[in-house]
Amino acid sequence: MKLSRISLAILPLLSLCSVQAAVYSVEEIGEVEQVKSTYAAALNDNGDSVFNGAIRSAQQGIFGANEVFQYYNFPFQLDLIDFDDEAVQAFFTDEQLADVSNGVITNDIMQILFQRNPAAQPIGNALSYLQSQSSVTENVTLRDVGVTRGNSEYLYDINNTGQAVGVATTTFEQQAFTPAPTEDVPEPDEIKLWIPQAGYQLGAVVSGGTVNFLLPPYQEFGGGFSAASGISENGIIAGFGSIGLPESLQTSLTSSCDGKALPVSVCLYRNTVVSAGPSRYQQRALLWQVQQDGTVASPKVLGFLGEKNTGETYTDPAVAINYDSYNQANAVNSKGIAVGHSMYSDSDRKVRYQAGVAEAAYRQAHATLFVDDETLPMVDPNEWFVFTNDPILQVGSSAVDINENDIAVGYASKVISGNVRRKLFYYDYGSGQTRFVNGFFDSSDTLPSAINDSNQVVGRAEVIIGGTTTRRLHGFVYDIATEQFTDLNSLISCDAPYTIVDAKDINNNGEILATALVEKERKDLLGNVVLDDQGNPELEEVAITVKLQPVANGEPETCGGEQVEYERKGGTTGLLSLLFGGIILGWRRRKA
């Protein structure tokens, strides 16, 4: 296999741990002191990158998902825990209680604190990192200025000027609250509650160490929400946010969140976020522009496909809800051409979304290009679609990135070989043509992440381990000009200890930022290496961010060992088929 159109300039290796490869060398950049696993996000042409680390995550196994904590020395606020409470004391042994009272925290105690969380202290899912070629890797705090680790923070993209964008969920502060007296409880007791900051989720742009938040058009009833997914070289930010709240819900919240039973902020948070998720706000795709002074202008609200791609709203009489205004932008180029997905409907096409429920008009979000005041479709919704029990949120197709040649990449879903699969497509705005790429085999789930200006696409796709029906995810690179679709694992050294499971970005130098699985010394929740009975370090497989750098005159090596099938037509997902080796970050970037 040959990988064409890869820049073969010799690039300096920045780590002594780098492994010399056949076509790419592998440089670890994601090992940090706070967490066990990190996941790639984006890199620019200067080699600067952003990635995210897991505070906690879900590990999928035979018996379902288990919560896994991966933060070393989590800052539990012990002074907020009532260790005199018998219910709390029941979690610990007498020896452990004595240790806690003396400020001694062992791994077992930390495990109990995570699992039981006696003070119900908020625990986030992720934290964000920026790795600059001119400085050390930095944990960038967006809203968590107190470093309580009670919220989730992500960085998703970075441009050549070093401006990075992402999202941060709300932070919390514990406060005392006394409910208003009632007939049943005339003298209520004081209670302690975690109070959320307004804006349960906010997009952010980081520039020169300064964080600016991206305010949504609608900020009533709890602050609304926003998110930033991508940024162009000239500071245009693509994302989405709240533009309103249904009037019926406004009336309900005004009545119920009166500050008597709960603080207003807690009541609004529970009723607009916790109970039903962000869909309770009306969401629209947004573009922000970063100004020369670093401030951010008010966002531009983008259009949606609507009824038969007309941009007109349609209210389904079967459910009396307008579905057509939902959309989001995932990426934007320097010309201001954005891509993402938006709601499409066809009132003449009746489908049954759920057994026992009447047929309703077809409605589903599909890949969309936003240019000037136009909203253009990329995928035929009659061929690419999937019905679920939640059609409002289900994305039938989406565009995830666009380059300076106005070529967008994305995925579309349909049933292939009895299962829902997603397939890579690219769309040329100049010609208006959409082309699909099969990937490794017909039923391989194939998800792109990014495209560079050489029209090279990277992402992740399913492979099948030879002689089995077990599917695994491998990172890939696809060259549009030569139609070469290549497993990145075939382009690194046979001696490299890594399995590339997801390629997240490729810059114009041909460098690729990816997530890899690699064996590391197992560490406990205090960051100490775990030893076996013989005193040797135990090993475990973890996810880590790596940079693949082109090697001058590199050639693929012929490796023995486990065989991977790329042409098989069938196959089913094995019970132990794990995304990223068993780790899935919550509050994932929605574009992929």
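Quick caveat, the model's predicted, so the values are computed rather than measured. Along the sequence shown, the residues carry numbers beginning at 1.
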Walk me through whether T137 and E31 qualify under side-chain contact (heavy atoms from CB on, under 4.5 Å).
CA-CA 9 Å; T137 299; E31 189 164 8; over 6 Å; no

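- A donor and an acceptor atom, one from each side chain of R284 and Q282, are nowhere located under 3.5 Å apart.
- Side chain to side chain, N160 and N44 fail the donor-acceptor criterion of an N or O pair below 3.5 Å.
- With D453 contributing its side chain and E404 its backbone, the two residues share a donor-acceptor pair below 3.5 Å.
- Remark: side-chain polar atoms of N330 are not paired, donor with acceptor, to backbone N or O of V339 under 3.5 angstrom.
- The two residues I236 and N333 make their nearest non-hydrogen contact at CD1-O, 4.0 Å.
- Contact record, S449 with A503: OG-O, 3.3 Å, taken as the closest heavy-atom pair.
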Show, in sequence, the C-alpha distance, side-chain angles and deciding distance for L253 and L245, and conclude whether the side-chain contact (heavy atoms from CB on, under 4.5 Å) test is met.
CA-CA 10 Å; L253 292 175; L245 202 63; 3.7 Å; yes

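- One finds the CG atom of N309 at 9.5 Å from the NE2 atom of H366 (value rounded to the nearest 0.5 Å).
- No donor-acceptor pair under 3.5 Å is formed between the side chain of N46 and the backbone N or O of D48.
- Counting only heavy atoms from C-beta outward, the side chains of P263 and L193 approach each other to under 4.5 Å.
- In this structure, the side chains of V205 and V211 stay at 4.5 Å or more apart for every pair of heavy atoms.
- A donor atom on one side chain and an acceptor atom on the other are found under 3.5 Å apart for T171 and Q197.
- Listed for the N507 side chain is no donor-acceptor partner under 3.5 Å among the backbone atoms of L43.
- Counting only distance, with no hydrogens or angles, the side chain of N139 and the backbone of Y129 share no donor-acceptor pair below 3.5 Å.
- The distance from atom CZ of F436 to atom NZ of K423, rounded to the nearest 0.5 Å, is 10.5 Å.
- T434 places none of its side-chain heavy atoms less than 4.5 Å from the side chain of Y426.
- Between T368 and N327, the closest side-chain pair of non-hydrogen atoms is not below 4.5 Å.
- Contact check for P75 versus V147: no side-chain heavy atoms found under the 4.5 Å cut-off.
- Note: S226 OG to Y200 OH = 9.0 Å, rounded to the nearest 0.5 Å.
- Contact annotation: the side chain of Y427 never approaches that of I407 to less than 4.5 Å [non-hydrogen atoms, C-beta and beyond].
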Might you work through the side-chain contact (heavy atoms from CB on, under 4.5 Å) test for Y411 and V395, ending with a clear yes or no?
CA-CA 10 Å; Y411 67 88; V395 177; 3.9 Å; yes

Y156 and Y154: CA distance, side-chain angles, deciding distance, ring-ring contact (aromatic ring centres under 6.0 Å, His included) verdict
CA-CA 6 Å; Y156 292 139; Y154 300 89; 5.7 Å; yes

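- In this structure, a donor-acceptor pair under 3.5 Å is absent between the side chains of S25 and Q549.
- Without hydrogens or angle criteria, D445 side chain to R422 main chain gives a donor-acceptor distance under 3.5 Å.
- Contact check for T313 versus F304: side-chain heavy atoms found under the 4.5 Å cut-off.
- Side-chain atoms of T38 never come within 3.5 Å of backbone atoms of I544 as a donor-acceptor pair (strictly under, hydrogens ignored).
- Under 3.5 Å, the side chains of N405 and N455 contain a donor-acceptor pair of N or O atoms.
- Under a 3.5 Å cut-off, the side chain of S454 and the backbone N or O of Q456 do not form any donor-acceptor pair.
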Checking side chain to side chain donor-acceptor pair (under 3.5 Å) for the pair Q201/T169: CA distance, chi angles, key distance, verdict?
CA-CA 4 Å; Q201 174 183 301; T169 60; over 6 Å; no

Under the side-chain contact (heavy atoms from CB on, under 4.5 Å) criterion, do V332 and I337 qualify, and how do the steps go?
CA-CA 5 Å; V332 61; I337 303 175; 5.8 Å; no

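- When all heavy atoms are compared, the tightest approach of V165 to A228 is CB-CB, 3.8 Å.
- Between A285 and A329, the closest heavy-atom pair is CB-N, 3.4 Å.
- Using a distance-only test at 3.5 Å, with no hydrogens or angles considered, no donor-acceptor pair links the side chain of S413 to the main chain of V386.
- Between G510 and P550, the shortest heavy-atom distance links the atoms O-CG, 3.6 Å.
- Separation of atoms CH2 (W288) and CD1 (I231) is listed at 11.5 Å; rounding is to 0.5 Å.
- To the nearest 0.5 Å, the span separating CG on D502 from CZ on F476 amounts to 9.0 Å.
- Minimum interatomic distance between G47 and Q131 (heavy atoms only, all atoms of both residues): O-OE1, 4.0 Å.
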Tell me, with the steps shown, if Y269 and F172 meet ring-ring contact (aromatic ring centres under 6.0 Å, His included).
CA-CA 11 Å; Y269 181 79; F172 298 84; 5.6 Å; yes

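- Considering K36, R149, R56, Q34 in turn, R149 is the only one that fulfils the side chain to side chain donor-acceptor pair (under 3.5 Å) rule with Y71.
- Here the straight-line distance linking atom CG of D346 with atom CG of L305 works out to 12.5 Å at 0.5 Å rounding.
- For the pair L424/V457, a side-chain contact is recorded, criterion being any heavy-atom separation below 4.5 Å from C-beta on.
- The backbone N or O of E307 sits less than 3.5 Å from a side-chain atom of T310, completing a donor-acceptor pair.
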